[in-house]
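Here the structure is laid out as structure tokens; the discussion comes afterwards.
Everything quoted here is computed from the prediction, not taken from an experiment. Values below: every heavy atom of this structure, side chains too, minus hydrogens, waters and symmetry copies. Letters A, B, ... mirror the listed sequences (proteins, then strands); counts begin at 1.
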Protein chains: 2
Amino acid sequence: MDVMKDRPFAPMLERLRNAGLRPTRQRLALARLLFEGGNRHVTAEQLHAEARREEIAVSLATIYNTLNQFRKAGLLREVVVDSGRSWFDTNLEDHHHFFHEATGALTDFEAEGLAVEGVPRAPRGTEIDRVEVIVRLRDAG
Amino acid sequence: MDVMKDRPFAPMLERLRNAGLRPTRQRLALARLLFEGGNRHVTAEQLHAEARREEIAVSLATIYNTLNQFRKAGLLREVVVDSGRSWFDTNLEDHHHFFHEATGALTDFEAEGLAVEGVPRAPRGTEIDRVEVIVRLRDAG
DNA sequence: AATCAGATTAGAACAAATCTAAACTATTGA
DNA sequence: TCAATAGTTTAGATTTGTTCTAATCTGATT
């Protein structure tokens with residue numbers, strides 16, 4: 001038997017507490033949408049729509065608050081591919097992204113197998129935080 | 001003598017015409033701000049502020065129109081590092097970016113010397129348009 | 001010079017995200 | 001168990017970046 005299936009609240013509750021976040025009804029519900037059922041990418045508006053569909057009462061303000069708190073807590077990562085909209089990614093492993101401009105489709109690919117070599121030294125007073133690779137796609141022609 | 005200094009209008013006028021854009025007063029003035037004096041990164045608001053400073057009468061709407069037309073014409077590239085604001089880059093060579101989150105500073109580095117290997121095959125129906133590398137910086141500590 | 005497609009503009013409209021301050025709730029400790 | 005309190009949620013206002021609209025203007029072509 002899968003522990004996640006029997007006690008779906010317990011681990012999530014822990015994760016929130018460990019992050020210093022009170023496990024409120026809203027946060028638990030959103031955490032379940034986000035983290036149960038595999039890696040995913042969402043925007044705030046998408047998650048809000050999804051919550052409404054599932055009849056979870058949560059305001060858009062809380063969606064924004066929660067996504068930002070989860071990001072700060074390291075439960076989510078932000079992906080910048082799209083000026084004008086923030087994407088959040090539940091995949092915390094070392095990976096990169098395909099982005100299909102025409103459709104807005106965002107897909108992961110593992111960093112394993114990818115080598116980025118010859119990145120120059122960081123400018124004075126700074127250090128490298130992360131090297132992001134975005135592979136922009138167009139329709140095959 | 002430098003041709004650019006003697007006849008600063010002629011080449012710009014040509015470039016605009018070649019792009020199918022009428023060389024209007026506004027477009028010429030903005031092209032000069034953008035393309036004379038080395039590579040640079042600008043946002044729409046920045047360019048607008050700069051134009052006002054130089055007492056070039058041009059509306060914000062025209063700044064947006066012009067930046068987008070220049071981008072479509074291949075005179076500029078858009079850089080997405082910052083959800084919520086569009087950056088435009090006059091550097092058309094093969095290069096990548098440092099982005100310092102804390103300050104918003106955006107800097108180029110040449111692609112020469114950089115090797116990105118092992119990028120997976122593009123998903124079905126798509127092909128790779130561009131591989132973008134963004135090196136995110138934090139304050140050294 | 002007259003015409004007309006294309007360009008510019010102010011201001012309205014729109015979209016994403018944040019802010020505000022009032023109401024609510026989880027935790028605590030008596 | 002319950003009151004106090006610190007943290008959370010919320011509706012709605014606000015801010016910011018960008019696009020749209022439709023009236024006016026301008027460059028190119030006759």
Side-chain angles (χ1 to χ4, degrees), chain A residues 9-10 12-31 33 41-52 55-73 75-76 78-88 101 104 106, chain B residues 9-10 12-31 33 41-52 55-73 75-76 78-88 101 104 106:
Chain A
F9 285 29
M12 216 52 95
L13 218 133
E14 280 307 289
R15 276 173 96 173
L16 293 181
R17 273 206 233 279
N18 291 342
L21 298 169
R22 284 193 188 169
T24 61
R25 178 179 60 70
Q26 290 87 340
R27 285 184 187 149
L28 275 168
L30 294 176
L33 287 183
H41 303 109
V42 292
T43 66
E45 295 284 353
Q46 272 177 17
L47 186 59
H48 190 225
E50 190 175 335
R52 297 190 104 260
E55 312 206 356
I56 296 163
V58 59
S59 71
L60 188 55
T62 295
I63 299 278
Y64 277 104
N65 290 340
T66 303
L67 286 172
N68 285 318
Q69 291 152 353
F70 283 11
R71 174 175 50 72
K72 281 177 198 147
L75 300 173
L76 286 176
E78 192 172 353
V79 185
V80 180
V81 280
D82 200 349
S83 65
R85 184 184 329 278
S86 273
W87 287 89
F88 293 87
E101 313 246 11
L106 182 61
Chain B
F9 287 27
M12 217 51 95
L13 218 133
E14 279 308 290
R15 276 173 97 174
L16 294 181
R17 274 206 233 279
N18 291 342
L21 298 170
R22 283 194 189 168
T24 61
R25 177 178 62 70
Q26 290 88 338
R27 295 212 270 232
L28 276 167
L30 295 177
L33 287 183
H41 303 110
V42 291
T43 65
E45 296 284 353
Q46 273 177 16
L47 186 58
H48 190 225
E50 189 175 335
R52 295 190 106 261
E55 314 206 354
I56 296 163
V58 58
S59 69
L60 187 56
T62 295
I63 299 277
Y64 276 103
N65 290 339
T66 302
L67 286 171
N68 285 319
Q69 289 151 354
F70 283 11
R71 174 176 48 73
K72 281 177 198 148
L75 300 172
L76 287 176
E78 193 172 353
V79 186
V80 180
V81 279
D82 199 349
S83 65
R85 183 184 328 279
S86 273
W87 288 89
F88 293 88
E101 313 244 11
L106 183 62

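When each of B:Arg17 and A:Ala61 is assigned the nucleotide of DNA chain D bearing its nearest heavy atom, the one mapping closer to the 5' terminus is A:Ala61. Both A:Leu60 and A:Ser83 lie near DNA chain D, and the one whose nearest nucleotide falls closer to the 5' end is A:Leu60. For the pair B:Asn65 and B:Arg22, both in contact range of DNA chain C, the more 5′-proximal nearest nucleotide belongs to B:Arg22.
A pairwise comparison of heavy atoms in B:His41 and B:Gln46 identifies O-OE1, 3.7 Å as the closest pair. A:Arg25 and A:Ala57 make their closest contact through NH1-O, 3.1 Å (heavy atoms, listed as atom of the first residue, atom of the second, distance). Of all non-hydrogen atoms in B:His48 and B:Ser59, the two that sit nearest each other are NE2-C, 3.9 Å. The minimum heavy-atom distance linking A:Leu13 with A:Leu28 is given by the pair N-CD2, 4.1 Å. Across every non-hydrogen atom of A:Ile56 and A:Ala29, the tightest pair is CG2-CB, 3.7 Å.
When DNA chain D is scanned 5' to 3' for any atom under 4.0 Å from a heavy atom of chain A, the first and last hits are D:dA6 to D:dA11. Chain B approaches DNA chain C within less than 4.0 angstrom (heavy atoms of the protein), and the contacting nucleotides run 5' to 3' from C:dA5 to C:dA10.
In summary, the side chains of A:Arg71 and A:Asn68 do present a donor paired with an acceptor at a separation below 3.5 Å, with no hydrogens or angles considered.
Counting any heavy atom pair closer than 4.0 Å across all strands shown, B:Thr62 reaches a base atom. Using a 4.0 Å heavy-atom distance criterion, B:Asp82 is classed as making no nucleic acid contact. Among the protein residues, B:Ser86 comes within range of the sugar-phosphate backbone only, with heavy atoms under 4.0 Å from sugar or phosphate atoms but none that close to a base. Counting any heavy atom pair closer than 4.0 Å across all strands shown, B:Arg85 reaches sugar-phosphate atoms only and no base atom.
Using a 4.5 Å cut-off on side-chain heavy atoms (C-beta onward), B:Phe70 and B:Leu16 make contact.
Applying the side chain to side chain contact (heavy atoms under 4.5 Å, CB included) rule to A:Gln69 yields the partners A:Leu21, A:Arg27, A:Asn65, A:Thr66; only residues at least two apart in sequence or on another chain are considered.
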